[in-house]
Amino acid sequence: MNERNPNTEEASAPAPGRRRFLNAAALAGVAGLAACQEKPATSAATAPAAPSAAKDPSAAVHLKPGELDTYYGLWSGGHTGDMRVLGIPSGRELLRIPCFVPDALTGWGHTNESKAIMGTKPDGSLRYTIGDTHHVHASYKDGNYDGRYAWINDKINSRIARVRLDYFVCDKITKLPNVQGFHGIFPDKRDPVDPAINYTTRVFCGGEFSIPLPNAPTEDSTKYRSLFSCVDAETMEVRWQVLIDGNCDLVATSFDGKLAAANQYNTEMGVRYEDMMSAERDSCIFYHIARIEQAVKDGKFTTIGNSKVPVVDGLRASNTDPATALVGYVSVPKNPHGVNASPDGKYFICAGKLSPTATVIELTKVLDWFDGKLDDIDKSIVAEVELGLGPLHTAFDGRGNAFTTLFLDSQVVKWNVDKAIAFHNGDRSAAYVVDRLDVHYQPGHINASQSETVAADGKYLSVGCKFSKDRFLPVGPLHAENEQIVDISGEKMVLLADHPVRPEPHDFIFFKRELLKPKQVYSMDEFPLAVKDAKEAGVTREGRKVTVKIVSLAPAFEPREFKVKRGDEVTLILTNHDKIQDLTHGLAIPDYNINFIVNPQETASVTFVADQLGVFWYYCTHFCHALHLEMRGRMIVEA
Ligand code: K7E
Ligand code: CUA
Ligand code: CA
């Protein structure tokens, strides 16, 4: 682009030379991805004043004591393996929902119930104790969240976890077969065929790393491939997979249910970064869901290794005829990062990462290609415009504007999609860039209130800044990340608040609080082992297997003592009989490495071998009552 571009000449924009250096110097670009000192570490003056706000706009995030947030936020925890619940606009963290990693507060990964969800080895120990969550997305109905479920990925061990949004607990985890580096995840928004199914029934999962299929110690990387997987939203079983060329990174879905998309940064199928960035363009792959499922029905699939999951052929060479293609590959510039679906249902937007651009792909044109009405699928690209350095992810305000993070520029750029299309079509005066905001620093994910729903409301934006540098008190070498909240209700973005978060969240969503109806007390019937009557409490023995049933009712456990023999395998079942909201008890046993909680009307169990003689005070670890400290009993392990 040699012509004058009104969108890249703002005073606040970095020098044009720096804008283009990624395109020019591939290796220097990679060094730049880690460069964190590109901006002076000053900031306060960068937020422009809101046009209409007479008072301090950041007052919006300072809720009065007792005041509730208006949005729920679901955040990925990164390699803490949990999902976090935040209140927005305050940014207060309300809960961490353990999924892939054991949790000492709740007893996740220690109780038998949670271990069964997480998965165990034959000896009963957990198969995995680590995780790396990146993306959280929730179930849809009629294009908006319906409050049933949220899903989150574990990139390390290719697992998908489901969280029930009534109790805010993980209830299922599925491991994807033959996938390494499960990264992007997105639920469908309706069925592609049946109009009565206007809600989520599938969750799509992108495989980022290519491997030999089935896995084998093969050095020849030309034999490696990646899979795109579809998981059933209810059963959590893997329905089918698609064998593809290149890899999958992020995933997005169309509002009409017909297509899923994944951006691909490694169409080169390289094994080293130099190879992965050798091509000028990579792609965004579109999956035609109805055709894929028809192919599975027609038996046109194979299976891989021990897996029974049907795998259909999405390789480029097998999908050149649009009339039968299961997938289509749209070319996009060098190593794109996110792909996001605009809330008007019209566009998919790929951020360039190593290209300073965003690519706008029109959904109806992709469908036209599948229908034989468009000769070249790349003609579905309706804009490819320059935004700034290191574009990663895009959010929407529901008023035609997109907000894209610029990792290297440490900025959020607000741009108008229609004007970007006009500019792309030759209107050089179209000022598609509306505003730029400095953020602190190196932003990755971004999302706006209700962004990827039909109800995008354009109120708040949250930006996940990967580096916080000087924004918080120094606490040694490990820095918090900085989640910033931005007011996007006006023309100009207004930075409202910084929030330190434990590393490292990636993606998140936030939506109106009315969409959830959380339950604060369990129903005892949800637990097959529930000790429903305090009269059942006590010890029963079958050989060396001992069951100890305990009930908690503030301020006492029942029984208050029990005896077992050394060497017994003890299963301790605890039911909380308190019915009052917020009345949680814990049960810890010293020297036995046991601690877990039971919320009101909840039942949980643990199994251990009583291998140490003596008196062990089991005690309540969760402050529940004035006599909380007195809430304890004796386990006596006899010879
Ligand atoms: Cu969603 Cu962080 Cu995994 Cu971009 S990725 S930042
Ligand atoms: Cu029960 Cu503390
Ligand atoms: Ca590439």
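Residues: numbered from 1 along the sequence shown. As the structure is a prediction and not an experimental result, all values here were calculated from the model.
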Within the distance-only criterion (no hydrogens, no angle test), does the side chain of [X] pair as donor or acceptor with the backbone N or O of [Y] below 3.5 angstrom?
| X | Y | answer |
| --- | --- | --- |
| Glu504 | Gly77 | no |
| Ser114 | Thr111 | yes |
| Ser410 | Gln442 | yes |

So, [X] and [Y], do they make that salt bridge, N to O below 4.0 Å?
| X | Y | answer |
| --- | --- | --- |
| Asp397 | Lys459 | no |
| Asp69 | Arg92 | yes |
| Glu234 | Arg148 | yes |
| Glu526 | Arg164 | yes |
| Asp82 | Arg84 | yes |
| Asp154 | Arg159 | yes |

Parallel, tilted or perpendicular: which describes the rings of [X] and [Y], with under 30° parallel and over 60° perpendicular?
| X | Y | answer |
| --- | --- | --- |
| His506 | His134 | parallel |
| Phe204 | Phe228 | parallel |
| His445 | Phe508 | perpendicular |

Are Tyr199 and Tyr140 close enough, and set up right, to give a ring pair (Phe, Tyr, Trp, His ring centres under 6.0 Å), and what steps lead you there?
CA-CA 5 Å; Tyr199 52 88; Tyr140 284 80; over 10 Å; no
Euclidean distance, Ile152 CD1 relative to Ile160 CD1, rounded to 0.5 Å
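Here the rounded value is 10.0 Å.
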Any chance you could measure His585, atom NE2, to Glu602, atom CD, to the nearest 0.5 Å?
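With rounding to 0.5 Å, NE2 (His585) is 12.0 Å from CD (Glu602).
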Run the ring pair (Phe, Tyr, Trp, His ring centres under 6.0 Å) test on Tyr460 and Phe510 for me, step by step, so that the C-alpha distance in whole Å, both residues' side-chain angles and the decisive distance to 0.1 Å come before the verdict.
CA-CA 9 Å; Tyr460 295 108; Phe510 59 108; 7.3 Å; no
Just wondering, do Asp498 and Phe472 contact through their side chains at under 4.5 Å, heavy atoms?
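Yes, at least one pair of side-chain atoms sits under 4.5 Å.
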Heavy-atom side-chain contact between Val551 and Leu574 under 4.5 Å
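Contact flag for Val551/Leu574 side chains = no.
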Applying salt bridge (charged side-chain N to carboxylate O under 4.0 Å, His left out), can you list everything that pairs with Asp591, at least two apart in sequence or on another chain?
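Partners of Asp591 under the salt bridge (charged side-chain N to carboxylate O under 4.0 Å, His left out) test: none.
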Run the ring-centre check on [X] versus [Y] and record whether the distance is less than 6.0 Å.
| X | Y | result |
| --- | --- | --- |
| Tyr71 | Phe511 | no |
| Tyr618 | Phe557 | yes |
| His110 | Phe596 | no |
| Phe100 | Tyr128 | no |

Within a 6.0 Å radius of atom CD on Glu630, are there more than 12 heavy atoms belonging to other residues, nucleotides or ligands?
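Enclosed: over 12 neighbouring heavy atoms sit under 6.0 Å from CD of Glu630.
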Can you give me the closest heavy-atom contact between Leu583 and Ala554, atom names plus distance?
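Between these two residues, the closest heavy atoms are CD2-CB, 4.2 Å.
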